[in-house]
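These notes are about the structure you will find just below.
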There are 2 protein chains.
Amino acid sequence: MATIYDVARIAGVSPKTVSRVLNGDAPVGQATREAVQAAIAQLDYVPSNAARMMRSQRSGLIGLITGAISMSPEPNQPAGLPELFIVQGIQKSLANSGMTLMIADTGGVVEKAAPLIDTFLRHRVEGLIYVAEYHQKVALPVISDGTPMILANCFDDRGTPAILPDDKRGQLDLVARLITAGHRRIGYLTLRPEIAAGRLRLEGYRAALQAGGIAYDAALVENCDLEGRDGETQLLWEAIDRMLRLANSPTVFCCGNDKMALRVYGILRSMGRKVPTEVSVAGYDNYRVIAETLYPPLTTVDLPYTAMGVRAAQRLMAMISEETREDKGPTLVAGPVYWRDSVTELRPANVSLLKSVREE
Amino acid sequence: MATIYDVARIAGVSPKTVSRVLNGDAPVGQATREAVQAAIAQLDYVPSNAARMMRSQRSGLIGLITGAISMSPEPNQPAGLPELFIVQGIQKSLANSGMTLMIADTGGVVEKAAPLIDTFLRHRVEGLIYVAEYHQKVALPVISDGTPMILANCFDDRGTPAILPDDKRGQLDLVARLITAGHRRIGYLTLRPEIAAGRLRLEGYRAALQAGGIAYDAALVENCDLEGRDGETQLLWEAIDRMLRLANSPTVFCCGNDKMALRVYGILRSMGRKVPTEVSVAGYDNYRVIAETLYPPLTTVDLPYTAMGVRAAQRLMAMISEETREDKGPTLVAGPVYWRDSVTELRPANVSLLKSVREE
DNA sequence: TTCTCTTATGACACCGATGACATGACACCG
DNA sequence: CGGTGTCATGTCATCGGTGTCATAAGAGAA
């Protein structure tokens, strides 16, 4: 591999002049510049980042760690990868910063994060971003040197800067919109409360009911999330069946996420209930493969992953450049409601009509 | 940031001895080793890859370029990312090689591949892998130095080593299995022929019919792929409607991919046709979010992405270590058929029964 | 006892860039 | 015409490791 010395020799100049042509950090004569460029082309010279980095003490690298790329191949694991949008947002936002993004993957194994961080530190990255597969708490090894770090889609109890989806707000907005559309009996098939999204979305649901002056009814809320284990369809079927048999049955089912909504579509249709004319369905995540492809398209709440990625990158760049390394705590990012055809607008007039249809 | 000299000073040894402790490439006395390790821990010393690399002339890096991570945010673009399994396969296979995988992303913009390759060459990667979003032909800039390169899920006309899914074989296997199950009238809602998968899968379909002694009927094959533009559901609806009105209508619909199958489920149900008792459906891709979550689960063909990734990594490592840099041409990898509940096993006896049901 | 041989360690140069500093050639100014 | 800037370019040291070679201290062998 050709070096800057080879180029200098061919061009008949000093290595330093070649360096100046490459970096444009000092004036170079026109003729000299052209000779150098010709020599570079002739030799297919590519400068060595390692050497440059040693001298300048700047790597221009940002390290990104994610389990998003290679999630578990187990059939029961969540197979959705929408969090990749976070990476996309980060990239977009970093594109003009002159930084190179290096992505490494834990393969879904959290323990691999530590060695990957180490690898990045060996490469002297100027900042680190850890992207989690879903909104959760994490405990990463402490970065002993001053390299700034950002958590995306996760948080820890050390106050490390974090970018999080505003799940409570999202569910609140969705349910508020359902209430506006005339729905009063709102079933909620929840995610398990062990995960952050499960808790926060339920909080949002309750907050929206309260804001709308609707009493919370425990019979309309069931956890239908088996953590990917079998029997989820069964569980959903039974929960839906129970709710539909209620005297005052729900006019809409909110689902913990879009994947659950996909299942609910199948179940409702198997029960002979038409979506949305007889019963409405809403999801969460705006997982587009599902939400846009379903028939009818699914009303849902966007998880603002791209925006989160952009925020993460911006906050990291601020920490790097402004030495604001004392920056702490979470940033919440809310996503919009996507109103699609899976939810009927109930004017008060035909609420009773609908009921009579169902009760016959 | 502490250097090897700092460690050496604290430990009271020479830098070279610290290096020996780190790399284990020469015997070091027990007491010395412990002193060095203590100093390393005390200083939070992390060796610099750049310096190491300069001297040893080996980067230990593999560069991976993909558009998989940040595909277009346009709503009409393909939003499926199963090709990330390729990356997973590569990682798995590279994990024990001592190589570090650096992933960079084109953001879906092919033109960005060239600067990314350049960045990788500056880092002196020992090998390059390009992963395409879907089975396609590409034209990447020539790598002028000897760095080996592998194409995954794509190919070029320079004979660059490539790893490809065997789409023809997969569709053939699926249709052959349908024939075994007693299906004789097999509708095929195809992808557009402009893409490799569209062509090859149709070839497989025809080859299977021929092998099964069934005449090809053009009325049973329609292109229902609008390249993501609107109206696809409409197009599918009409195609399905036409085929179902045929005197000898299909007992099963093969879909160009699983996403199309998801649409077809919705359409068939809206038409009042039960899946699979009245009509069967099969997909392609084994896109698990869809195939496993649909109700009933979808029969489909696996795209052996993980296996392709493993192959790609293996072939690359062979090129790197064995200097087999003259390696050329494609490797085809076939995936298995996943037989699930969306297809009925028709024993010859009840074929006629089914027909009468449909004709009433 | 002297001569290998192995183990344990250090001295020093070098990998390929670039920062700091120096120098020579002009141009412009008063 | 000397002084002062700017432009264009070169010299040299240096970043942080590691390869090469040298050396010293014991352990066995002859």
Side-chain angles (χ1 to χ4, degrees), chain A residues 1-37 39-40 43-61 98 100 118-126 145, chain B residues 1-37 39-40 43-61 98 100 118-126 145:
Chain A
M1 170 91 9
T3 75
I4 202 169
Y5 295 94
D6 301 322
V7 174
R9 190 161 15 84
I10 301 271
V13 299
S14 76
K16 179 69 219 195
T17 299
V18 178
S19 170
R20 282 191 267 256
V21 171
L22 288 169
N23 298 291
D25 53 354
V28 176
Q30 184 64 25
T32 313
R33 162 173 286 109
E34 281 164 13
V36 168
Q37 279 159 347
I40 288 173
L43 292 172
D44 280 324
Y45 167 70
V46 179
S48 157
N49 240 296
R52 187 196 299 258
M53 202 175 125
M54 266 195 78
R55 187 70 247 252
S56 68
Q57 301 292 65
R58 289 200 55 243
S59 66
L61 292 173
T100 299
D118 191 61
T119 300
F120 278 144
L121 292 180
R122 292 166 122 84
H123 283 278
R124 299 291 186 265
V125 294
E126 298 180 39
D145 69 340
Chain B
M1 170 88 12
T3 74
I4 202 169
Y5 295 94
D6 302 322
V7 175
R9 190 162 14 85
I10 301 271
V13 299
S14 75
K16 180 68 216 195
T17 298
V18 178
S19 170
R20 283 193 265 257
V21 171
L22 288 168
N23 298 290
D25 54 353
V28 176
Q30 185 63 26
T32 314
R33 161 173 287 108
E34 281 164 11
V36 168
Q37 277 159 348
I40 288 174
L43 293 172
D44 281 325
Y45 167 70
V46 179
S48 157
N49 241 297
R52 190 196 297 261
M53 202 174 124
M54 266 194 78
R55 188 68 245 249
S56 67
Q57 301 292 67
R58 289 201 55 243
S59 65
L61 292 173
T100 299
D118 191 61
T119 300
F120 278 144
L121 292 181
R122 293 166 122 85
H123 282 277
R124 300 289 187 266
V125 294
E126 298 181 39
D145 69 339

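To find a chain, count down the sequence lines: A is the first, B the second, and so on, and within it residues start at 1.
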[X] side chain near [N] phosphate (N/O to OP1/OP2, under 4.0 Å):
{"X": "B/N23", "N": "D/dT18", "result": "yes"}
{"X": "B/R52", "N": "D/dT18", "result": "yes"}
{"X": "A/S14", "N": "D/dG10", "result": "yes"}

Exercise. Contact class for B/D25 vs. all strands (heavy atom < 4.0 Å): base, sugar-phosphate, or nothing?
Worked result: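 The answer is sugar-phosphate, as B/D25 gets under 4.0 Å only of primed atoms, P, OP1 or OP2.
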Quick one: [X] [atom1] to [N] [atom2], roughly how many Å, whole number?
{"X": "B/R55", "N": "D/dC21", "atom1": "CZ", "atom2": "P", "result": "11 Å"}
{"X": "B/I4", "N": "D/dC15", "atom1": "CD1", "atom2": "P", "result": "14 Å"}
{"X": "B/D6", "N": "D/dC15", "atom1": "CG", "atom2": "C1'", "result": "13 Å"}
{"X": "A/H123", "N": "D/dG17", "atom1": "NE2", "atom2": "P", "result": "13 Å"}
{"X": "B/M54", "N": "D/dG19", "atom1": "CE", "atom2": "P", "result": "14 Å"}
{"X": "A/K16", "N": "D/dT14", "atom1": "NZ", "atom2": "P", "result": "15 Å"}
{"X": "A/M53", "N": "D/dG17", "atom1": "CE", "atom2": "P", "result": "11 Å"}

Exercise. Is the side chain of A/R55 donor-acceptor paired with the backbone N or O of A/R52 at a distance under 3.5 Å, no angle test?
Worked result: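 The answer is no, because no donor-acceptor pair under 3.5 Å joins these two groups.
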Exercise. Between B/S56 and A/R20, which is nearer to the 5' end of DNA chain C once each is assigned its nearest nucleotide?
Worked result: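 It is B/S56 whose nearest nucleotide is closer to the 5' end.
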Seminar exercise, completed: The residue, B/V13 or A/Y5, whose nearest nucleotide of DNA chain C is more 5′ is B/V13
Kindly give the heavy-atom pair with the smallest separation between [X] and [Y], and that separation in Å.
{"X": "B/P15", "Y": "B/A8", "answer": "N-CB, 3.5 Å"}
{"X": "A/E126", "Y": "A/S59", "answer": "OE2-N, 3.2 Å"}
{"X": "A/R20", "Y": "A/A26", "answer": "CD-CB, 3.3 Å"}
{"X": "A/A35", "Y": "A/A11", "answer": "O-CB, 3.8 Å"}

Heavy atoms, side chains only, cut-off 4.5 Å: are [X] and [Y] in contact?
{"X": "B/Y45", "Y": "B/D6", "result": "no"}
{"X": "A/L61", "Y": "A/R124", "result": "no"}
{"X": "B/V18", "Y": "B/V13", "result": "yes"}
{"X": "B/L22", "Y": "B/I4", "result": "yes"}

Exercise. Mapping A/P15 and B/Y45 onto DNA chain D by nearest heavy atom, which one lands closer to the 5' end?
Worked result: A/P15
For this session: Could you say whether A/A51 or A/A26 is positioned toward the 5' end of DNA chain D, judged by the nucleotide with the nearest heavy atom to each?
Result: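 With A/A51 and A/A26 compared, the 5'-side residue is A/A26.
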Problem set entry | End-to-end axis angle, where each axis spans five pairs of the helix from C/dT1-D/dA30 to C/dG30-D/dC1, to 10° |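 It comes to 40° between the two terminal axes.
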Problem set entry | chain A footprint on DNA chain C, 5' to 3' - any atom under 4.0 Å from a heavy atom |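 Counting from the 5' end, contacts occupy C/dG16 to C/dA20.
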Exercise. If you measure from CZ on A/R9 to OG1 on A/T3, what distance do you get to the nearest 0.5 Å?
Worked result: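 Going from the CZ atom of A/R9 to the OG1 atom of A/T3 covers 7.5 Å.
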